[in-house]
Amino acid sequence: MTFTKLLQSQKDENWALPIMYTLCLDLRKIATKADLQLDKKEKPHEMLEKGADLLMGFFRICVGDSRCSTEDSKRWGILNLTNQLFKIYFKVNKLHLLKPLIRVIESSNLKDQYPISQRVTYNYFVGQQQMFQSKFNLAEKNLEFAFVHCHRESKRNKQLILIFLITVKMVLGIMPSIQILEKYELMEFSELVRAVKDGDLQRFGKALEASEDFFIKWGIRLVLEKLKIIIYRNLFKKVYLLFQTHIIPVSAFKDALNFKKEYEEDEEVEEEEVMCILSNLINENKMKGYISYQHLKVVLSKQNAFPPLSASE
């Protein structure tokens, strides 16, 4: 009798779930090693995807077990299976397959009763997916949960969570302290933080290049590009403080952008592009004011022209 048939044959009992957990973990690991040995260029993750199909079979059995009591239900195995499938789908880059799994978990009456270790893993992966979808507020919430509830001695796991949590928080305008970067050995972010705070595009470009391999490895390189809008905001705030007036010519912002370009070989920014940047900042509530296109001036609010980033959309 195969394990699938054994699982199906169980009525009003779930004693086989721990066996299923071990079997699924071993299956994923063996499939990963098999793909490395096969080294198929056309189907590089063939074994992992076949493994995911087997796991989905178990998943359907557990989801369908709704008639017995909660205590004896195989639905207790759903989150463990979901996490194993998450690991595979992230590996094979099929994040669209996460959606139905998430829907099942979010609608489950057991959602907040699963073991905390499983919930940490779940929130970690859901937070990543939301980050890639630019749902940064939701991502922050899930990644924050994962970090806070991760076992205090699991420094490596906390470090992995922080890679994405720091990225999300920075995009939301919250910079990590140097102490947290040193503690979890994530100093790759340190120069980025300084560049954002100083509104320094040139420093930002050099920081991205210096740690590019790290950022690409964790899939956050393109997400970090979103920090530019905050750099523009901080740079333009310096221009505002320098002029000490609420009416500033567009040319002043243009000069500031061209003074230290992100990359030296970049072409000079033209006024049309500057006004586009200014419009985005105003639209996202990172600046308060309007552009007078007729006079090529920016008229900033006399009160709180640069609201806190937490007030931005």
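All heavy atoms count here, side chains included; hydrogens, waters and symmetry mates do not. Being a predicted model, the structure only gives us computed values, none of them experimental.
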Do the rings of F236 and Y232 sit parallel, tilted or perpendicular, given the 30° and 60° boundaries? parallel
Reported CZ-to-CZ distance for the pair R203 and R194, which is rounded to 0.5 angstrom: 6.0 Å
Between M131 and I220, is any pair of side-chain heavy atoms under 4.5 Å apart? yes
Start with the C-alpha distance between E212 and L208, add both sets of side-chain angles, then the distance that settles side-chain contact (heavy atoms from CB on, under 4.5 Å), and finish with yes or no. CA-CA 5 Å; E212 191 168 43; L208 283 179; over 6 Å; no
How far apart are the C-alpha atoms of Y293 and V250, what are their side-chain angles, what is the distance that settles it, and do they pass the side-chain contact (heavy atoms from CB on, under 4.5 Å) test? CA-CA 9 Å; Y293 292 93; V250 171; over 6 Å; no
If I compare all heavy atoms of I161 with all of A146, which pair ends up nearest, and what's the gap? CD1-O, 3.6 Å
Using a 4.5 Å cut-off on heavy atoms from C-beta on, say whether the side chain of L296 contacts that of S251. no
Identify the two heavy atoms, one from Y240 and one from H246, that lie closest to each other, and give their separation to 0.1 Å. CE1-CA, 4.4 Å
Hey, does P176 have a side-chain heavy atom less than 4.5 Å from the side chain of M170? yes
Check the side chains of Y122 and Q118 for a donor-acceptor pair under 3.5 angstrom, ignoring hydrogens and angles. no
Who are the salt bridge (Lys or Arg N to Asp or Glu O under 4.0 Å) partners of K169, not counting sequence neighbours? E140, E144
Minimum heavy-atom distance between D35 and E46, given as atom pair plus value: OD1-N, 3.3 Å
F147 six-ring centre to K158 NZ/CZ under 6.0 Å and within 45° of normal: yes
Taking C-beta and beyond as the side chain, do V126 and Q130 meet within less than 4.5 Å on heavy atoms? yes
Determine whether R119 and H149 make a side-chain contact, defined as any pair of heavy atoms from C-beta on separated by less than 4.5 Å. no
Reported CD-to-CG distance for the pair Q129 and L98, which is rounded to 0.5 angstrom: 5.0 Å
Are L81 and Y21 close enough that some pair of their side-chain heavy atoms sits under 4.5 Å apart? no
Does F204 have any ring pair (Phe, Tyr, Trp, His ring centres under 6.0 Å) partners at least two apart in sequence or in another chain, and if so, which? none
Heavy-atom count around Y290 OH within 6.0 Å, excluding the residue itself: above 12? no
So, using ring pair (Phe, Tyr, Trp, His ring centres under 6.0 Å) as the criterion, who are the partners of F59 when residues are at least two apart? none
Should L25 and T22 be marked as a side-chain contact (heavy atoms from CB on, under 4.5 Å) after you check the CA-CA gap, both sets of side-chain angles, and the distance that decides it? CA-CA 5 Å; L25 175 62; T22 301; 5.8 Å; no
Describe, in one word, how the ring planes of F132 and F90 are oriented to each other, choosing from parallel (under 30°), tilted (30 to 60°) and perpendicular (over 60°). tilted
Neighbour count above 12 (heavy atom, 6.0 Å) for E106 CD: yes
Do the side chains of E49 and K94 get close enough for a salt bridge, i.e. N-O under 4.0 angstrom? yes
Could you go step by step and tell me if I247 and L300 meet the side-chain contact (heavy atoms from CB on, under 4.5 Å) rule? CA-CA 6 Å; I247 302 176; L300 292 167; over 6 Å; no
Near L241 CG, under 6.0 Å, is it more than 12 heavy atoms from other residues, nucleotides or ligands? yes
Between L27 and L23, is there a side-chain heavy-atom distance shorter than 4.5 Å? no
Closest non-hydrogen atom pair, Y114 against R75: OH-O, 3.0 Å
Within the 4.5 Å heavy-atom criterion, are F125 and Y89 side-chain neighbours or not? no
Can we say E225 and K228 salt-bridge, meaning some charged N sits less than 4.0 Å from an Asp/Glu carboxylate O? yes
For K226, look at atom NZ and say whether over 12 heavy atoms of other residues, nucleotides or ligands are found less than 6.0 Å away. no
Using a cut-off of 6.0 Å, state whether more than 12 heavy atoms not belonging to K87 lie near its atom NZ. yes
